[in-house]
Visitor: 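Just dropping this structure here.
Lettering follows sequence order; numbering is per chain, from 1. Treat the numbers as computed from the prediction; the structure is a model and nothing was measured.
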Protein chains: 2
Amino acid sequence: MGAVKGKRMPRAVRERQMMDAAVRTFGQRGYRAASMDEIAELAGVSKPLVYLYLNSKEELFSACIRREARALVEAVRAGVEPGLPADGQLWAGLRAFFTHTAENPDGWAVLHRQARSHGEPFISEVVAMRDEIVAFVTGLIGAAAREAHRDPALVDRDVAGLAQALVGAAESLAGWANDTPGVSAKEAAATLMNFAWAGLENLMHARPWQPPEA
Amino acid sequence: MGAVKGKRMPRAVRERQMMDAAVRTFGQRGYRAASMDEIAELAGVSKPLVYLYLNSKEELFSACIRREARALVEAVRAGVEPGLPADGQLWAGLRAFFTHTAENPDGWAVLHRQARSHGEPFISEVVAMRDEIVAFVTGLIGAAAREAHRDPALVDRDVAGLAQALVGAAESLAGWANDTPGVSAKEAAATLMNFAWAGLENLMHARPWQPPEA
């Protein structure tokens with residue numbers, strides 16, 4: 001099967017190369033269209049070796065989802081600096097998110113597009129990741145609100161809704177930024193900061209927008 | 001096949017009943033698990049009649065997506081009153097959106113969950129609907145920004161990004177509101193209005209949030 005280089009390479013390194021090739025292939029060509037031949041060739045290994053290490057196309061795809069989900073969650077967690085004021089935390093978290101999705105467009109396509117469009121068990125994997133991010137954001141907004149205002153200006157359900165809004169906006173913008181030439185990660189983060197911060201700050205200080213009376 | 005009532009019923013009415021039954025079944029049980037038997041029974045017609053009118057499960061599902069997409073887009077368009085000030089327009093549009101998704105939870109599940117998770121041609125149908133809503137929202141934000149500020153405070157690309165953020169936030173909140181007992185359409189709309197309006201108003205008046213210097 002041609003030049004199978006690096007026989008002395010540790011298993012972890014070789015597996016990583018296969019996973020890199022798989023994420024790229026699944027992200028760019030889609031789960032169905034991607035072939036194990038293509039992934040093996042891109043990884044510079046034989047197809048039997050891919051099967052030996054990662055069993056099946058389905059398991060390989062699941063492993064890609066888990067790896068990319070883990071990397072995204074970790075990037076966002078690492079980006080937020082808990083000591084900062086609330087706007088600085090949000091800004092840091094958004095930059096971390098959009099930088100990660102911009103630098104890993106194939107990983108983002110696997111998570112946001114491919115995993116969702118090929119049924120179970122893949123959907124459950126990304127739903128679990130999304131729930132984790134929503135819970136993290138809920139915690140941040142709740143803590144910032146308590147710091148800004150001693151009375152519970154925002155009840156838990158409001159905070160949960162705001163976290164859903166923020167995560168949904170970020171997902172939508174990440175897809176748009178990756179598909180629109182010339183939109184940088186910093187620009188996408190600034191768009192969302194502009195969109196969301198003024199409203200969040202008002203709410204944290206118990207200054208909600210009031211609907212007009214019907 | 002039992003009591004096939006209403007033989008004198010016009011085709012359009014009968015087709016509508018079948019579609020109602022199909023949306024409910026696909027929305028609640030998922031595309032794969034839904035059976036034509038179940039849909040026929042719920043519609044009170046024979047299974048051959050469903051096939052006669054709507055050809056195949058795939059075509060029936062496509063027809064459901066198109067009908068629900070059309071209804072959602074029309075509800076949002078009808079909800080926005082162009083004569084209102086920008087915040088009134090946004091508030092009216094959001095209430096129309098969340099009222100529609102709350103009153104049609106199965107239709108929303110078909111569009112937002114089922115259609116996306118079963119590949120082509122279904123994904124293209126919902127992407128087209130989403131693009132139409134994003135274009136509509138982009139037009140509204142652009143017009144409001146021009147009215148608020150004579151200088152082009154927001155360039156087209158900023159407006160496009162804001163529309164993506166708003167639509168993504170609304171999608172996320174609609175799913176959360178339908179899954180969370182006791183969250184009303186008005187409450188979901190108010191959450192998003194609170195989240196988004198202050199930032200949008202600032203931007204329209206050329207008062208962007210400024211990132212701290214690195």
Visitor: Could you look at B/Ala160 and say if it's the side chain, the backbone, both or neither that has a heavy atom under 4.5 Å from chain A?
Guide: both
Visitor: When only pairs under 4.5 Å are counted, which of A/Glu201, A/Arg157, A/Arg116, A/His118 shares the most heavy-atom pairs with chain B?
Guide: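 So the answer, after comparing A/Glu201, A/Arg157, A/Arg116, A/His118, is A/Arg157.
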Visitor: Atom CG of B/Asp179 and atom CD of A/Gln164: how far apart are they, to the nearest 0.5 Å?
Guide: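 The CD atom of A/Gln164 is 9.0 Å from CG of B/Asp179, to the nearest 0.5 Å.
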Visitor: Could you tell me which of A/Glu187, A/Arg113, A/Glu171 has the largest number of non-hydrogen atom pairs under 4.5 Å with chain B?
Guide: A/Glu187
Visitor: Does a sphere of radius 6.0 Å around NZ in B/Lys186 hold more than 12 heavy atoms from other residues, nucleotides or ligands, not counting ones at 6.0 Å or beyond?
Guide: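 No, NZ of B/Lys186 has 12 or fewer neighbouring heavy atoms, counting only those of other groups under 6.0 Å.
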Visitor: If you count heavy atoms of other groups shown closer than 6.0 angstrom to CZ of A/Arg207, is the number above 12?
Guide: yes
Visitor: Return the CG to CG distance between A/Leu162 and B/Leu173, rounded to the nearest 0.5 Å.
Guide: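 Those atoms lie 8.0 Å apart.
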Visitor: Checking A/Asn202 against B/Asn194 for the side-chain contact (heavy atoms from CB on, under 4.5 Å) test, could you report, in this order, the C-alpha distance in whole Å, the side-chain angles of both residues, the deciding distance, and whether it holds?
Guide: CA-CA 8 Å; A/Asn202 283 346; B/Asn194 263 308; over 6 Å; no
Visitor: Using non-hydrogen atoms only, which part of B/Val134 is less than 4.5 Å away from chain A: side chain, backbone, both, or neither?
Guide: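 Looking at B/Val134, nothing touches chain A.
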Visitor: Just checking B/Gln17: does its CD atom have more than 12 heavy atoms from other residues, nucleotides or ligands closer to it than 6.0 angstrom?
Guide: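 For B/Gln17, atom CD is crowded (more than 12 foreign heavy atoms under 6.0 Å).
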Visitor: Return the minimal non-hydrogen interatomic distance between B/Ala198 and A/Gly199, and the atom names on each side.
Guide: CB-N, 3.6 Å
Visitor: If you define the side chain from C-beta out and look only at heavy atoms, does anything of B/Ser172 sit under 4.5 Å from A/Arg130?
Guide: yes
Visitor: Can you confirm whether A/Asp156 is buried at CG, in the sense that more than 12 heavy atoms of other residues, nucleotides or ligands lie under 6.0 Å from that atom?
Guide: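 No.
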Visitor: Non-hydrogen atoms of chain A under 4.5 Å away: do they reach the side chain of B/Ile123, the backbone, both or neither?
Guide: side chain
Visitor: Can you tell me how far apart CZ (A/Phe195) and CD1 (B/Ile141) are? Round to the nearest 0.5 Å.
Guide: 7.0 Å
Visitor: Does A/Gln28, at its CD atom, have more than 12 non-hydrogen atoms belonging to other residues, nucleotides or ligands within less than 6.0 Å?
Guide: yes
Visitor: Evaluate whether atom CZ of A/Arg24 has more than 12 neighbouring non-hydrogen atoms of other residues, nucleotides or ligands under 6.0 angstrom away.
Guide: no
Visitor: Looking at B/Gly182, B/Gly175, B/Ala188, B/Ala170, which one has more heavy-atom pairs under 4.5 Å with chain A than the rest?
Guide: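 So the answer, after comparing B/Gly182, B/Gly175, B/Ala188, B/Ala170, is B/Gly182.
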Visitor: Nearest 0.5 Å, what's the CG-CH2 distance between B/Leu90 and A/Trp209?
Guide: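 It comes to 8.0 Å.
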Visitor: Minimum heavy-atom separation for B/Ala165 to A/Ala169, with atom names?
Guide: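 Scanning both residues, the minimum pair turns out to be O-CB, 3.4 Å.
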